[in-house]
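Reviewing the structure listed below.
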Protein chains: 2
Amino acid sequence: MTDIDTNSIPERKRGSGVKMVYDLLRDEILDLVLPPGSPIDEVQLAERFKMSRTPIREALVRLAGEGLIETLPNRSTMVSNIDFLNLNTFFDALVLMYRVTTRLAARNYRPEDLAIIRGFHEDYAAAVQTRDALRMISTNAAFHAAIADAGRNPYFTSLFRRLLDEGRRILRLYYRSYDEHFPQRFVDEHAEILAAIEARDIEAADRLGKAHAEQIVAQVQKLFSRDVGIDIAL
Amino acid sequence: MTDIDTNSIPERKRGSGVKMVYDLLRDEILDLVLPPGSPIDEVQLAERFKMSRTPIREALVRLAGEGLIETLPNRSTMVSNIDFLNLNTFFDALVLMYRVTTRLAARNYRPEDLAIIRGFHEDYAAAVQTRDALRMISTNAAFHAAIADAGRNPYFTSLFRRLLDEGRRILRLYYRSYDEHFPQRFVDEHAEILAAIEARDIEAADRLGKAHAEQIVAQVQKLFSRDVGIDIAL
DNA sequence: TGTATTTTATTTGTCGACAAGAAAAACACA
DNA sequence: TGTGTTTTTCTTGTCGACAAATAAAATACA
């Protein structure tokens, strides 16, 4: 009874390994700690997490299902590339989903949703003030994901989450070294969107969501056209 | 050299097992051979396909990623339920994706896409004529998926495919025993949509896609309201 | 030196076995 | 007979090992 855990740290609960590996790899991919093209080695991960290859493999299958990694049969597996040549399809989908989710949130939100959204809004504002780029990116995504959740359409939400994930990678690419003016303007726009939702003004929410999305797209395109060589670098 | 495969059938190629199990289970789920709530037993599947549990498990993880099955930790795993209480969120997403994909197809299709779309169109027409309900359902989905492919936006396409999958299950529920009038009207509408796409008439494609989607939604809702007890049955 | 072929090495895909967790069954006790 | 506890059973999650497939290295040959 007394000598539980005599000499071992490895006490890890049963189903937790997969989720741990999945979450960590996902974050590392989205924050570009693992840039596109990075090789993913199963045995290396197994050693790093001190577990068998089986749970590692399951986490990788999930990541592959979301398109975050790519698997060549019988050969290597690596972090998915960012498709710069088809960025417009990404922007098209992003703008539409911004509109739809904001619109639905204005129609369907419940009181308890507002607190959550407002929380991320404040996190984002704080990140802008302290010029913490990584935090700006992730809290911005969390803010909009929370809005989508309030809209209560899981089909839209899941696509939107995937787009926000990809957006995190793209933004991270630009806000890496130069701490760009991730402008105060975005904070204000977030506040406007939040107000429109709270007022259940569906049309205004739609309009503001669209404008906000196009703002972001325009800025990314501006940054992108500035250094065109970046697609070669990856 | 001569005695390859002396006595064995089990010659199965290396990476093929997972895909085989995945494809088959997916079809059985979408055709309601495995109705919602059916238990999925790993060892049973392993025996059935004469392979280890490992590849079975990988196929199940993929299916779970697409929401087709649900896994209770440390306990059973079963075919996902159809959420009848939130059918409207499904219809919302479906109508929007019909519109978007048809619109994009009109804008972005290439000549070779038309042949593919037309092929499924004819398959569908043939299925309607022979009153083959199962075939109607699957070729209808294939027709619209082909249109989405021609639109060349993988984000929209992947969501739309998921919606069409779920649609297959819902339609299968109604066109099961009674060979309903899956009307000729749908064939005509398909032809109109195809013509609008070919003419690159984006607005017409959008309008026809929307009308077609709402037709289908209306019919499903009519069938659904007719037998309201069906949600209890599942 | 350059090319084709064989050998080695590395990584993935699959297997059988075992242990943990939860449900079901058996049991004890009133 | 009814309720709480223990035992059993069944399924999943994890492991270590092996075999297939491919890439890389080494070798043979011109």
Side-chain angles (χ1 to χ4, degrees), chain A residues 1 3-25 29 34 37-65 67-80, chain B residues 1 3-25 29 34 36-80:
Chain A
M1 260 323 197
D3 57 349
I4 289 176
D5 194 3
T6 47
N7 64 343
S8 53
I9 311 147
E11 295 289 337
R12 201 181 46 245
K13 242 165 273 174
R14 199 167 149 84
S16 68
V18 178
K19 182 170 164 46
M20 162 169 295
V21 175
Y22 169 83
D23 286 339
L24 196 111
L25 276 183
I29 292 171
L34 294 175
S38 301
I40 308 273
D41 186 358
E42 294 179 4
V43 291
Q44 190 175 315
L45 287 170
E47 289 169 8
R48 176 173 165 197
F49 289 99
K50 300 210 164 64
M51 57 176 73
S52 157
R53 273 177 53 223
T54 309
I56 304 282
R57 227 142 184 291
E58 181 172 331
L60 294 185
V61 169
R62 283 210 227 162
L63 289 169
L68 291 179
I69 64 176
E70 277 169 13
T71 303
L72 305 225
N74 279 320
R75 263 186 276 150
S76 65
T77 142
M78 60 183 213
V79 177
S80 296
Chain B
M1 262 325 195
D3 57 349
I4 289 177
D5 195 3
T6 46
N7 63 344
S8 53
I9 310 146
E11 295 288 336
R12 198 181 49 243
K13 240 166 277 173
R14 198 169 149 84
S16 68
V18 179
K19 183 172 163 44
M20 161 170 296
V21 175
Y22 169 84
D23 285 339
L24 196 111
L25 276 183
I29 291 171
L34 293 175
S38 302
I40 307 273
D41 186 359
E42 293 178 5
V43 291
Q44 189 175 314
L45 287 171
E47 289 170 7
R48 176 174 166 197
F49 289 98
K50 299 209 163 63
M51 57 176 73
S52 156
R53 275 176 52 222
T54 310
I56 304 283
R57 226 143 185 291
E58 183 173 330
L60 294 185
V61 170
R62 283 210 228 162
L63 289 169
E66 298 174 33
L68 291 179
I69 65 176
E70 278 169 13
T71 303
L72 307 225
N74 278 321
R75 266 186 276 149
S76 65
T77 143
M78 58 182 217
V79 177
S80 296

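Keep in mind that the numbers below use all heavy atoms, side chains included, and drop hydrogens, waters and symmetry copies.
With hydrogens and angles disregarded, no donor-acceptor distance shorter than 3.5 Å links the side chain of A:T77 to the backbone of A:T71.
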Notebook entry, point to check: Can A:L60 and A:I40 be said to form a side-chain contact (heavy atoms from CB on, under 4.5 Å), step by step?
Noted result: CA-CA 9 Å; A:L60 294 185; A:I40 308 273; 3.8 Å; yes

Next item on the list: Check the pair B:M78, B:I69 against side-chain contact (heavy atoms from CB on, under 4.5 Å), reporting the backbone distance first and the verdict last.
Entry: CA-CA 6 Å; B:M78 58 182 217; B:I69 65 176; over 6 Å; no

Note to self: Please evaluate residues B:E47 and B:I56 with respect to the criterion side-chain contact (heavy atoms from CB on, under 4.5 Å), reporting the C-alpha separation (whole Å), side-chain torsions for both, the decisive distance (0.1 Å), and the verdict.
What the structure shows: CA-CA 10 Å; B:E47 289 170 7; B:I56 304 283; over 6 Å; no

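B:D41 meets the salt bridge (charged side-chain N to carboxylate O under 4.0 Å, His left out) test with no other residue; sequence neighbours excluded.
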Check: What string of B, S and - do you get for nucleotides 10-17 of chain C, 5' to 3', if B is base contact, S is sugar-phosphate-only contact and - is no contact with any protein heavy atom under 4.0 Å?
Finding: --BBBB-B

